[in-house]
Amino acid sequence: MKYNFNDIEAKWQKYWAENQTFKAINNSEKPKYYVLDMFPYPSGAGLHVGHPLGYIASDIYARYKRHQGFNVLHPQGYDSFGLPAEQYAIQTGQHPAITTAENIKTYRRQLDQIGFSFDWSREVRTSDPNYYKWTQWIFIQLFNSWYCKNHEKAYDIKDLVELFKEEGNININAECQNVGDIFTAEEWNAMSSEAQQSILLQYRLTYLAETEVNWCPALGTVLANDEIVNGVSERGGHPVIRKKMTQWSMRISAYAERLLQGLETIDWTDSLKESQRNWIGKSVGAQVKFKVVSNEVKEAPEFEVFTTRPDTIFGVSFMTLAPEHELVSQITTPEQKEDVDAYVLATAKRSERDRMADVKTISGVFTGAYAIHPFTKKLIPIWIGDYVLAGYGTGAVMSVPCGDERDYAFAKHFDIPIPNIFEGVDISEEAFSDKEKTVIANSDFLNGMTYKKATKRAIYALEQMGQGEGKTNYRLRDAVFSRQRYWGEPFPVYYVNGMPQMIDAKHLPIKLPEVEKYLPTETGEPPLGNATVWAWDTEKNDLVSNDLIDNETIHPLELNTMPGWAGSSFYFNRYMDPENQNEIASKEAMDYWQDVDLYIGGSEHATGHLLYSRFWQKFLFDKGVVPVDEYAKKLINQGMILGTSAFVYRVEGENKFLSKGLVLDKKVQEIHADVSFVNSSDELDIEAFKNWRPEFKDAEFILEDGAYKVGRDVEKMSKSKYNVVNPDDIVSDYGADSLRLYEMFLGPLEQYKPWNTAGITGVHSFLKKLWKLYVDNNGLKVTDATPTKDNLKTLHKTIKKVQDDIENFSFNTSVSTFMISVNELTAQKCTSKDILEPLLVLISPYAPHIAEELWSQLGHNASISTAPFPEFDASHLVESSKNYPISFNGKMRFTMELPLDMSKDAIEKAVLENEKTQEQLAGRTPKKVIVVPGKIVNIVG
RNA sequence: GCUCAAGUGGCGGAAUUGGUAGACGCGCUGGAUUCAAAAUCCAGUUUCUUCGGAAGUGUGGGUUCGAUUCCCACCUUGAGUACCA
């Protein structure tokens, strides 16, 4: 019987689907284990061989855990809201829901043929109203919450209203926009409802505010910081400009400290944690008040600066404000006004990208105003400079040129004095910023102190004077939550007199309306502005036509939609109980499944999805919705599988192609050729290439050694680079089991590695050998023979290695182990059922179809997936004696057979008495003999 | 610039607490089988070599009887981040 992989795989995929083999139950005696993949966005291009890499790894782990007796939750779904479907809709008029449904169908077919053990009964789609109902519900919860910094926890906004009624906001320590506005209980109670609402808006965890946002004109929408790469949009690479807009924001900054602390409790890679730490960007220092001396203004204004080096306060020789700082226009003297205005204007004109591109150029202008030093009372000139960012800290710095590189460069450039406040340090060439080696001098009461001491002392002194305080700053900005797009979650929000109101949660979901056009309206409103039934009737509690808006009972609805990361920030909880109509998931389900034990996905989500989802989880935890505040105990980033692109070289200006070796230094244009036209020797199928596109039809090809050789390069797999390898082809040529094994065999899971289809023959022939070990022309050839010592040794070596490998996620080396084992067993002519059966269980997570087939041929009725993992017995590996390498001064000379149970001393004695040893020593006495038990004997002399 | 990760044959990679470097696979070479090819099987495959050996894990040092593994400096590549005070 031949190994007919296509039939076998189809048969078992059907069996698994019909028998719901991998359906997880929510109550079980078994311990739980939750293995999660980052769910895909179903793009129109379908899957290429790079996509399943992480899914195969998680599937192996999930299957392994089932063999170990765990109740495994291994779900899959789709992150199905997103830009490509919308842009396709704009071009073709096809509704994104239809495109999305078609793409999901393709994805499902492709995923199914690889044989994943997903529990599809729990599938979620973020664009499904039954799902986004809960996205909207969470939004409402965020709106109805505020963050108390004293308890580091989110509370109901009603509690805050109660506090305002009783004592105003004087004692409230909360995250909010304008901490400055203090009011009493009387003042609060006297306010109009609108005034109260606009104050509350400043405290809510999601809030509407006019903020400076990243506007991408080409995409017609705003983008979050993590959606911008090198100053251009991540999708499409379009320019991005700063613009003030009224937008929904998420107060993720409230959770900055907890997001940072939480990293200590989870098993994620160090590089990923480091990315998140950098993104959160905590810095500890002080906020210091400076008074401005000015003839122009009667009442001298104050401004605050943030510094991480309050110990260097006596080294301040100037102050620098961001050009956008609100004080600039107030304090500038008439003589300096012209220069300052020109500078502010010039800075405003520069795009984000320009400003990023040249960080070397030093520019700035003196305002003519001075500040008073809090200790020395000396006058310090106030400058403006674009190296100070309006968005960080207070938008103003105290410049200490001797201790900070940028301040130093600025001072040198404008010839500002650079006082030295460090003991024994030469600052004539550069600033000195080594905190550890700092000893303060020329600084009054700080003299002789180290960085640590001086910092503490300076902050204390400032606090005593009421001139400053210790302060921690975070780089993490609140996340803009509005998108001017169609294909996203609608907000459950309507407006009364311009103030946002939440629709009662019991009326959710608010379904996405139909629109004529997916483009923004002519007046520049988002696409939802094209909807006709998009107003809220507060009496009927239902959607009604816009024409009926009377601002009495019928009000306009929010036109923006939520960003892509909304739906993906809690889906892992929804899988626990996806059908639930009353809650995200029932309490029982959440208490049972708790959190994700293993999460596998790409590292490109480090500062996007993986940060936002942690934020929402912490919020839901505060509200008592979820039982844990970190949702993923362990996370692994799978590396990317890269494509091997092929290039042809067209002589510039001619339709003539040179073979790679003939190009030399000639002027040629490099063109991607489809990799399917190229064989394993890098030779191009010229006919296929000519027929590919009409422009190549009459091309001339200059060959070398009778063939056209292409150039090769490893790049990201992408349609536009014509280097995509489709898993469908691999599955039909070699089978899903070969694909699974090969993807693992390519290299370490977390590494980037190029795909090369030619190599798959290795793992494919392993499967054929495995088949031949069990089956010959007469069918199954397994016997009840008692296993030999060698048989048992091979088996238990394999059990040990494979188990260790899976637990360390070194799937690549287990594939090698399987190959070695099958070769050994073949050489041993092993037909013993007692060996072959457990071997199948070991292989089944990797190559489940062939394992399932042989398992059933062995007479089992139940699926192999529930068979227990074989137990390792070390006694089969222990030999009575071992070949010890004997070395002299570290150089290996010969080996000696010695019993394993010999003591160190006995080994030493035996080795020294050995004939060969005596020969080597030639009468000399060795200094030392080192015995590493079981490994090596080293004679030093 | 800063942070992190990584550098081993023609290629992907192995060597899990320091102990015979190059497992396993691809590719290549030779052979068997075949009319022939595919498939399959067997042998060989780090480099140099005077065939005794010698060198060898990015480079240069160090610790050690012994280093791909640990320490220091440097080089290269990749990823992230970017005037964060």
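Order of the sequence lines sets the chain letters (A, B, ...), proteins ahead of strands, with each chain counted from 1.
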- Please report, rounded to the nearest Å, how far the C1' atom of B:G12 is from the CG atom of A:Asn756. 8 Å
- Message: Taking 4.0 Å as the cut-off, does a side-chain nitrogen or oxygen of A:Tyr392 come that near to OP1 or OP2 on B:A85?
- Response: yes
Just the table, please: protein N/O against nucleotides 42-45 of chain B N/O, every pair under 3.5 Å.
none

- is_close_aromatic(A:Phe5, A:Trp771), centroid dist under 6.0 Å: no
- Item | Inter-nucleotide C1' distance (B:C48, B:C4), Å rounded | 39 Å
- Taking the six-membered ring for Trp, is the centroid-to-centroid distance between A:Phe809 and A:Tyr61 below 6.0 Å? yes
- A:Arg277 has an atom CZ; how far is it from atom P of B:C84, in whole Å? 20 Å
- Pick the nucleotide of RNA chain B nearest each of A:Lys772 and A:Thr813; which residue has the one closer to the 5' end? A:Thr813
- Can you label the angle between the A:Phe818 ring and the A:Phe766 ring as parallel, tilted or perpendicular, going by 30° and 60°? parallel
- Task: Please report, rounded to the nearest Å, how far the C1' atom of B:G12 is from the CG atom of A:Leu741.
- Result: 16 Å
- Message: Taking B:U63 as the reference, what is the distance to B:A14 when you measure between their C1' atoms (whole Å, please)?
- Response: 27 Å
- Message: Tell me the interatomic distance from A:Asp805, atom CG, to B:A15, atom P, rounded to whole angstroms.
- Response: 8 Å
- Between A:Trp383 and A:Phe410, how do the two ring planes meet: parallel, tilted or perpendicular, split at 30° and 60°? perpendicular
- Rounded to the nearest angstrom, tell me the gap between atom OH in A:Tyr734 and atom P in B:A39. 10 Å
- Task: Just say parallel, tilted or perpendicular for the rings of A:His373 and A:Phe314, cut-offs at 30° and 60°.
- Result: tilted
- Query: Counting just side-chain N and O atoms, does A:Asn812 come under 4.0 Å of either OP1 or OP2 of B:A14?
  - Reply: yes
List, with names and distances, any nitrogen or oxygen atoms from the protein found under 3.5 Å away from nitrogen or oxygen atoms belonging to nucleotides 4-8 of chain B.
none

- Secondary structure of RNA chain B per the Watson-Crick/G-U criterion (both distances under 3.5 Å; [ ] crossing, | other strand, . unpaired) is (((((((..(((......[....)))((((((.......))))))(((....)))..(((((..]....))))))))))))....
- Message: Using a distance-only criterion (donor-acceptor N/O pair, under 3.5 Å, no hydrogens), is the base of B:U16 paired with the side chain of A:Lys801?
- Response: yes
